[in-house]
Amino acid sequence: MESGSLKRWCNIPGTGASVSRICQEVIFFLAALLFLVVNPDPSAGQTGPEFFPAGATLPRFLAGPRDPISSFGILGVLRNPNQHGDGVEVEVSFGHALPVLLFRGEAGAPRVLLGLEAGVFARFGLQVLERELIATDWYFMVPAVWPKDWGWVRFRYYHSSSHMGDEYSRRFEDLGVNFSRDAADLFAYYRASEAVGIYSGFRYSYNVHPEESGRLVLRAGAEAQARERGQGLRPYVAADLEWDEDTTPDLRLDVKIGAWLPQVRGRRTLRLALGALWGPSPLGQFQYETTTQIFLGLQGYF
């Protein structure tokens with residue numbers, strides 16, 4: 001694909017050069033993935049692609065503050081990095097993971113699954129009557145997932161950006177920072193049993209703002225769920241640990257316990273969650289500050 005043609009495709013009216021650059025990166029990423037899956041080893045016996053495959057799902061973790069899920073949670077912030085101070089806040093997120101292309105191998109077994117993921121997280125402060133928007137975090141990802149007998153491997157293009165809330169900015173005269181990341185991440189998930197899984201991986205950002213930011217993030221976690229037993233609640237517990245060379249302290253721990261709600265149309269999509277988080281704030285605008293917070297909410301995987 002010629003560079004000039006790609007630039008014309010990504011010349012979106014009303015957007016800046018950064019949007020055009022991200023567009024070009026996504027197209028290059030998808031083109032590379034498609035080359036890999038449509039030019040397989042002939043011995044693999046791969047069949048043609050299946051668009052928007054029914055029943056396919058992209059992996060998401062039970063713990064971790066910024067996976068693409070829809071959520072409503074009340075936060076008890078015991079150590080707050082923003083100027084509202086300690087107290088009660090609300091976080092709302094809208095996220096979705098869409099399987100787009102499924103390639104099958106021998107005997108119809110899934111070989112590679114490509115998808116799109118997106119999410120936005122908004123934090124509101126209840127310390128003042130106006131219920132002010134503090135900050136938002138935006139995410140866009142393009143994952144490629146290889147299912148394995150023991151779990152899965154995922155390679156993903158990853159973009160994030162964070163923006164200060166207008167109300168917060170006016171009240172405290174804080175314009176925030178130009179915070180964004182373009183990265184690639186690689187994760188592996190090992191299913192030790194039907195109920196227990198562990199995972200680990202890394203993310204490396206090749207384009208960062210502020211430009212002096214660190215680039216490497218390591219992440220690992222474990223999760224356990226009760227065996228599926230029909231229509232009752234399904235309890236779970238999970239822990240997620242993340243190390244970011246750009247923050248001090250470096251480690252952030254997120255712990256969640258709760259239960260999946262009964263199935264709807266044969267799927268469990270909603271869960272109750274009680275959790276706690278220690279370490280650097282997950283809000284990009286405040287990630288260089290430490291927070292301690294307790295979470296109670298409802299989370300959905302759609």
So do [Y] and [X] actually touch side chain to side chain, heavy atoms under 4.5 Å?
X: Glu132; Y: Ile134; answer: no
X: Glu223; Y: Tyr236; answer: no
X: Val217; Y: Phe202; answer: no
X: Pro210; Y: Tyr288; answer: yes
X: Phe155; Y: Phe187; answer: no
X: Leu216; Y: Trp243; answer: yes
X: Pro282; Y: Arg252; answer: yes
X: Leu298; Y: Leu261; answer: yes

For a quick test of reading the model, state the closest non-hydrogen atom pair linking [X] to [Y] and the distance between them.
X: Ile69; Y: Ser93; value: O-OG, 2.8 Å
X: Gly214; Y: Val208; value: O-CG1, 4.2 Å
X: Phe295; Y: Leu75; value: CD1-CD2, 3.4 Å
X: Tyr199; Y: Ala239; value: OH-O, 3.9 Å
X: Pro280; Y: Pro249; value: CG-O, 3.1 Å
X: Gly176; Y: Met164; value: CA-CE, 3.5 Å

Please determine if [X] and [Y] form a salt bridge, counting it only when a charged side-chain N lies under 4.0 Å from a carboxylate O.
X: Arg219; Y: Asp67; result: yes
X: Arg215; Y: Glu245; result: no
X: Asp254; Y: Lys256; result: yes

Examine the side chains of [X] and [Y] and answer whether a donor and an acceptor come within less than 3.5 Å of each other.
X: Tyr157; Y: Asp185; value: no
X: Glu89; Y: Asn82; value: yes
X: Asp137; Y: Ser162; value: yes

Hey, any chance Leu283 and Val90 share a hydrophobic cluster, counting ILVMFWY side chains that come within less than 4.5 Å of each other, even indirectly? no

Can you get from Val112 to Phe52 by hopping between Ile, Leu, Val, Met, Phe, Trp and Tyr side chains that sit under 4.5 Å apart? yes

Looking at residues at least two apart in the chain, or sitting in another chain, which of them share a ring-ring contact (aromatic ring centres under 6.0 Å, His included) with [X]?
X: Tyr301; result: Trp260
X: Phe179; result: none
X: Phe172; result: His84, Tyr168

Hydrophobic cluster (4.5 angstrom, side-chain heavy atoms) - remaining members for Phe121: Tyr139, Met141, Tyr158

Check side-chain contact (heavy atoms from CB on, under 4.5 Å) between [X] and all other residues, then give those that pass, not counting sequence neighbours.
X: Thr248; answer: Asp250
X: Thr292; answer: Leu78, Arg79, Trp278
X: Ala97; answer: Leu58, Arg60, Glu117

Parallel, tilted or perpendicular: rings of Trp150 and Tyr190 (30°, 60°): tilted

Are Arg111 and Phe103 in a cation-pi setup, meaning NZ or CZ lies under 6.0 angstrom from the ring centre and within 45 degrees of the ring axis? no

Apply salt bridge (Lys or Arg N to Asp or Glu O under 4.0 Å) to [X] and list each qualifying residue two or more places apart in sequence or on a separate chain.
X: Arg268; answer: Glu228
X: Asp246; answer: Arg181
X: Glu91; answer: Arg66, Arg123
X: Arg271; answer: none

Using the rule side chain to side chain contact (heavy atoms under 4.5 Å, CB included), only one of Leu62, Leu274, Leu272 pairs with Ile257; which is it? Leu274

List in chain and number order the residues that pass side chain to side chain donor-acceptor pair (under 3.5 Å) with Thr291, two or more places apart in sequence or in another chain; answer none if no residue qualifies. none

